[in-house]
Amino acid sequence: QKEVEQNSGPLSVPEGAIASLNCTYSDRGSQSFFWYRQYSGKSPELIMFIYSNGDKEDGRFTAQLNKASQYVSLLIRDSQPSDSATYLCAVNEDGTASKLTFGTGTRLQVTL
Amino acid sequence: DTAVSQTPKYLVTQMGNDKSIKCEQNLGHDTMYWYKQDSKKFLKIMFSYNNKELIINETVPNRFSPKSPDKAHLNLHINSLELGDSAVYFCASSQVSGAQPQHFGDGTRLSIL
């Protein structure tokens with residue numbers, strides 16, 4: 001069974017620090033990787049997506065992908081209390097049109 | 001100008017009843033999805049339609065029946081509701097390619113009494 005693993009947390013970081021969220025996946029053929037943010041009681045909101053090995057930056061967010069290690073991460077620089085949420089990693093399986101497999105999410109708490 | 005909208009937002013009903021949830025997207029996407037998020041917050045795909053054609057059908061009881069009248073709409077009908085059906089159901093949409101991000105609606109919180 002194809003799996004996406006995340007540490008459930010909570011991950012607690014002080015305001016202004018870098019938060020590092022990690023995700024591993026089991027299907028070596030996976031091609032597309034997504035990070036979603038979900039506030040309590042709200043819907044998942046797309047933060048970043050990455051397709052190629054390496055880093056992709058967007059504002060305070062950087063996604064990192066290492067297909068050889070089957071590992072994708074999300075870095076949040078200058079963390080703010082408003083970043084406190086659950087972050088979901090999602091992986092698209094190769095050859096399966098549009099099917100996303102989600103991890104269980106990591107809860108991030110940014111403390112003052 | 002909501003991109004993916006679902007109705008109703010909340011649904012409270014008795015066990016054994018039949019209910020429907022509606023979803024509409026105005027993003028011009030070709031593919032729509034239904035996800036179930038359980039009490040442990042695990043988000044799992046149920047169905048996916050591309051241009052009114054069913055393309056993903058996970059292991060879901062046949063009490064759940066999706067219907068797509070056109071590519072902008074995807075409804076979910078649930079027969080004989082059970083306690084275990086209590087969850088949040090999210091609709092999402094994307095362009096047809098699996099590489100494209102999916103955009104989620106606000107969710108329908110279903111509670112079975």
Checklist line | Atom group of A:Glu45 that falls short of 4.5 Å from chain B, counting heavy atoms | finding: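 Contact with chain B is absent: no heavy atom of A:Glu45 under 4.5 Å.
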
Notebook entry, point to check: Is it the backbone or the side chain of A:Phe33 that comes under 4.5 Å from a heavy atom of chain B, or both, or neither?
Noted result: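 Looking at A:Phe33, nothing touches chain B.
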
Next item on the list: Could you check which of B:Asp106, B:Asn50, B:Leu43 has the highest count of heavy-atom pairs closer than 4.5 Å to chain A?
Entry: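 Counting heavy-atom pairs under 4.5 Å, the top option is B:Leu43.
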
Note to self: For B:Phe104, which atoms come within 4.5 Å of any heavy atom of chain A: side chain, backbone, both, or neither?
What the structure shows: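 Both parts, backbone and side chain.
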
Margin query: Within the 3.5 Å criterion, strictly below it, is a donor on A:Ser26 or A:Glu3 matched to an acceptor on the partner's side chain?
Written below: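 A:Glu3 and A:Ser26 do not have a side-chain donor-acceptor pair below 3.5 Å.
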
Margin query: Any donor-acceptor pair under 3.5 Å linking the side-chain atoms of A:Asp78 with those of A:Gln80?
Written below: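 A pair is found: one side chain offers a donor N or O, the other an acceptor, under 3.5 Å apart.
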
Item checked: Candidate pair A:Thr104 and B:Lys41, rule side chain to side chain contact (heavy atoms under 4.5 Å, CB included), full reasoning -> CA-CA 7 Å; A:Thr104 51; B:Lys41 308 302 180 190; over 6 Å; no

Next item on the list: May I ask you to decide if the ring planes of A:Phe102 and A:Tyr36 are parallel, tilted or perpendicular, using 30° and 60° as cut-offs?
Entry: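 The rings of A:Phe102 and A:Tyr36 sit tilted, inter-plane angle from 30° to 60°.
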
